[in-house]
Amino acid sequence: MTECCTPTQGHSPTWFLMLEKLLQKLTTAQKKAVLHKEGPLLVLAGPGSGKTRVITYRLAALIHSGVSCHNICAITFTNKAAEEMRQRATALGAAGGAHISTFHSLCVRILRRYARTVGIRVNFSIYNASEQARCIKQAVKDCELDTANFSPARCLNAISALKNKLIDTKTFAEQADDFFTTTLAKIYDCYQRILADNNALDFDDLLLKAAQLLQDNSEVCTELGTRFKYLLIDEYQDTNRAQYIIARCLVLAHNNICATGDPDQSIYRWRGADIRNILDFETDWPDAVVVKLEENFRSTPNILQLADNLIAANKNRKPKKLIATRDPGDDAVITAFEDEKYEATGVAEQIKQLAKDGVSLKDTAVFYRVNAESRVLEEAFIKNKIPYQIIRGTEFYNRKEIRDMLAYLKVLANGDDEIALLRIINTPARGIGKTTINRVRTYADANNISFYNALKKTDGVSSLSKGPRAKIAVFVDMVEALKKDTAGPVAALTERIFVESGIEQALKSAGSEGKDALDNINELINAAANYDKTADEPSLIDYLQQISLFSDVDSYDTAVDRAALMTLHAAKGLEFGNVFIVGVEEGLLPHERTDAEDEDDLEEERRLFFVGITRAKSRLHLSYARYRTFRGQLLRTIPSQFLYELGTGFESYPAQTGSDLDYEPSEPVRPFARGQLVHHNIFGVGTIREFVDTGENSTVTVKFHTGQTKTLMIKYANLTRI
DNA sequence: CATAGCCGCCTTTTT
DNA sequence: GGCGGCTATG
């Protein structure tokens with residue numbers, strides 16, 4: 001290894017071998033730029049070029065050159081990536097202690113530290129999607145609006161977009177000039193008030209509040225800028241406005257920002273990521289040194305050629321070639337399967353064969369566009385006895401019993417969290433029903449006290465009779481008793497809750513029904529014990545806030561020998577010897593929800609496919625199913641337009657029926673599928689939006705390219721498929 | 001007050 | 001196909 005760092009023995013050798021190879025290929029000027037301590041640096045490079053390796057190397061190099069690790073802040077896209085960077089920096093001999101985390105975790109730290117300045121309390125809850133949904137529903141209700149026009153999802157999306165652009169309620173209300181925006185402004189305001197009442201922040205608030213704090217408070221800005229003299233940001237192409245502001249404020253005084261990214265791998269536009277952040281880097285920091293890494297150390301030339309051909313179809317990009325460094329390998333395989341069951345079985349069988357040929361399962365992954373596709377794959381893997389792991393980290397924390405347990409913890413940490421409180425007040429059933437809750441609620445509102453405080457003073461609630469009053473008292477006593485124990489280890493507290501809440505009792509008496517839930521809670525206690533052991537400064541508040549920021553890939557166990565199943569989004573930043581991408585069909589990839597007429601949306605879908613393809617080191621398998629069950633109905637599919645862009649000469653392959661499959665595909669019943677292109681004599685070309693099968697009188701709804709949407713009777717319309 | 005059963009809406013992707 | 005929310009019943 002070069003001048004500054006040497007990996008300690010026996011630590012993930014290939015990663016360091018690659019780093020060494022990469023460093024050898026850097027020009028002297030590039031090497032100097034990477035190691036140069038002062039000034040802005042942008043590492044602009046394609047997939048598999050070692051961006052993360054370079055940034056990790058720089059981190060270690062800074063420490064080796066005498067910079068205190070305390071003064072370094074590295075930002076990764078996921079907690080998992082942060083953990084890996086920490087390990088690798090340590091292996092490079094750079095002692096731990098640098099702040100390495102995601103933007104969200106960093107913001108939680110900042111907000112806790114400056115809670116008073118921000119006007120929040122340190123024990124704030126962090127609300128996930130379902131808790132957000134509850135709040136937004138309440139907000140729409142409070143504003144006395146029709147949920148038909150202001151659906152929770154629509155409102156949340158709109159509010160999230162505003163927050164990502166740093167537009168707060170006040171600013172938005174001032175801008176609002178039509179019915180929709182003024183109404184949305186009201187909902188936004190109401191939603192924020194509800195969050196505040198619950199002493200809660202949503203994901204976007206974490207970024208928004210931290211960005212506003214840094215922007216508006218120069219003292220805090222200076223303080224943090226002094227603390228973090230060097231800022232490193234990985235995956236910069238996926239930062240949004242708020243994250244950009246945070247980064248800018250943090251480096252205001254010293255300008256030592258180092259970002260890495262690839263505009264072609266920007267896949268989070270829908271979440272507010274602004275590709276201009278990376279495109280304008282040199283404008284934002286005019287003295288920036290830009291290092292371009294053009295060689296790809298990951299994939300075979302065959303794979304890179306496809307990726308290159310595909311991404312070339314994006315018009316809105318700076319042309320960039322991927323330069324292969326590896327020897328040619330196998331050609332990519334595109335397979336058409338009869339339906340999704342054949343596809344899943346086919347993939348499973350190929351993986352089985354690979355395993356027989358000596359390929360390790362952990363070097364194999366299957367990617368798909370939507371999580372719903374994982375089920376049929378999972379079934380096929382079970383049937384074929386292939387060990388696998390599905391990368392969906394929130395799954396565990398979304399289980400009912402786990403959320404119940406966590407709600408108890410949340411109530412203890414944050415007494416104002418009414419959503420958590422309502423979840424546990426009658427879980428397990430203790431006879432406190434809707435009527436009782438409403439009565440207490442009314443009392444709380446009338447006296448302007450919190451719901452929990454009202455529960456403590458049921459004497460005042462005249463509408464309550466003796467029975468419910470006693471039941472509430474028992475509940476309050478239990479919570480109060482538990483509250484006295486919140487300072488100790490989280491695991492012990494979790495166990496106490498398990499027993500004293502009656503959850504254990506309820507599950508045990510449920511017999512075999514409660515078996516899984518019992519196991520899960522035991523696992524939760526184990527996880528909490530692990531937290532107690534490993535956290536820097538363990539506390540209940542920190543624990544809850546940390547697990548709220550748990551992400552999908554964080555659950556990915558790289559040590560076990562199992563095939564990995566994940567969405568294309570989750571695949572970002574990873575690499576595998578063998579990659580299978582399934583469901584490469586119109587409507588799925590690109591996804592139907594992306595507006596086909598919106599070129600930008602389509603290009604992002606293409607980038608997503610590009611990311612998937614470029615994860616593959618040696619073997620790439622793409623597939624689609626000719627028929628796919630969608631919401632219980634069998635639909636005819638169309639191969640993705642992207643398949644034609646790969647330059648493989650893909651036209652259409654005969655479906656593989658597979659001789660040893662024990663599954664017979666059902667006969668397709670639908671003559672017209674959603675997404676099918678058709679031609680009409682008068683209206684011209686259009687896309688099928690809906691097909692209503694009523695036999696002879698079946699109708700189709702078609703969106704024509706002229707912009708108009710028509711519902712037509714099939715027997716009269718004389719539509720031809722294109 | 002708890003539970004079973006039914007209806008309607010829906011999800012793209014995630015920190 | 002599945003979950004949340006609503007209603008009817010015990």
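Lettering follows sequence order; numbering is per chain, from 1.
- The nearest whole Å value for the distance from the CG atom in A:L156 to the P atom in B:dT12 is 14 Å.
- No side-chain heavy atom of A:K341 sits less than 4.5 Å from a side-chain heavy atom of A:T629.
- When the P atom of B:dC1 is taken as reference, atom CD1 of A:I437 falls 8 Å away, rounded to whole Å.
- In this structure, A:N79 reaches neither bases nor backbone, as no heavy-atom distance under 4.0 Å exists between it and the strands shown.
- The distance from atom CG of A:D204 to atom P of B:dT15 is 13 Å, rounded to the nearest whole Å.
- Atom P of nucleotide B:dT13 and atom NE2 of A:H569 are separated by 9 Å, given to the nearest angstrom.
- Of the candidates A:I246, A:T102, A:L213, A:I246 is the only one forming a side-chain contact (heavy atoms from CB on, under 4.5 Å) with A:C107.
- Of the two residues near DNA chain B, A:K471 and A:V370, the one whose nearest nucleotide lies more 5' is A:K471.
- Checking A:N316 against A:E599 by side-chain atom types alone, no donor-acceptor pair falls below 3.5 Å.
- At least one side-chain nitrogen or oxygen of A:T567 sits closer than 4.0 Å to the OP1 or OP2 atom of B:dT14.
- When atom types are taken as modelled, the side chain of A:R109 and the backbone of A:S105 share no donor-acceptor pair closer than 3.5 angstrom.
- In this structure, CD of A:Q265 is placed 16 Å from C1' of B:dT13, rounded to the nearest angstrom.
- Contact annotation for A:A129: no contact, since no heavy-atom pair falls under 4.0 Å across all strands.
- Evaluated for a side chain to side chain donor-acceptor pair (under 3.5 Å) with A:S125, the options A:N199, A:D202, A:D417, A:N198 yield exactly one hit, A:D417.
- Residue A:N371 places at least one side-chain N or O closer than 4.0 Å to OP1 or OP2 of B:dT14.
- Rounded to a whole Å, the OH atom of A:Y244 is 25 Å from the P atom of B:dT15.
- For A:H591, the side-chain atoms get nearest to B:dT12 when compared with the rest of B:dT12, B:dT15, B:dT11.
- Each of A:H591, A:R369, A:Q641 was compared with A:E605 under the side chain to side chain donor-acceptor pair (under 3.5 Å) criterion, and only A:R369 meets it.
- Counting non-hydrogen atoms under 4.0 angstrom, A:F103 reaches nothing in the nucleic acid.
- Look at CG on A:N157: it is 12 Å from P on B:dC10, rounded to the nearest Å.
- A:T435 comes within contact range of the sugar-phosphate backbone alone, with a heavy-atom separation under 4.0 Å but no base atom that close.
- Under the stacking criterion of a centre-to-centre distance below 5.5 angstrom and an interplanar angle below 30°, A:W270 sits stacked against the six-membered ring of B:dT13.
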Treat primed atoms plus P, OP1 and OP2 as sugar-phosphate and everything else as base, then score nucleotides 1-10 of chain C 5' to 3': B for base contact with protein heavy atoms under 4.0 Å, S for sugar-phosphate contact only, - for none.
BS--S-----
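- To the nearest whole angstrom, the two C1' atoms, one in C:dG4 and one in B:dT13, are 22 Å apart.
- Remark: A:Y443 engages no residue in a ring pair (Phe, Tyr, Trp, His ring centres under 6.0 Å) (not counting sequence neighbours).
- In this structure, A:S548 reaches neither bases nor backbone, as no heavy-atom distance under 4.0 Å exists between it and the strands shown.
- Counting heavy atoms from C-beta outward, A:V118 and A:F124 have side chains that stay 4.5 Å or more apart.
- Distance, A:R369 CZ to B:dT14 C1': 11 Å, rounded to whole Å.
- Heavy-atom distances to DNA chain B give each of A:R430 and A:L608 a nearest nucleotide, and the one nearer the 5′ end belongs to A:R430.
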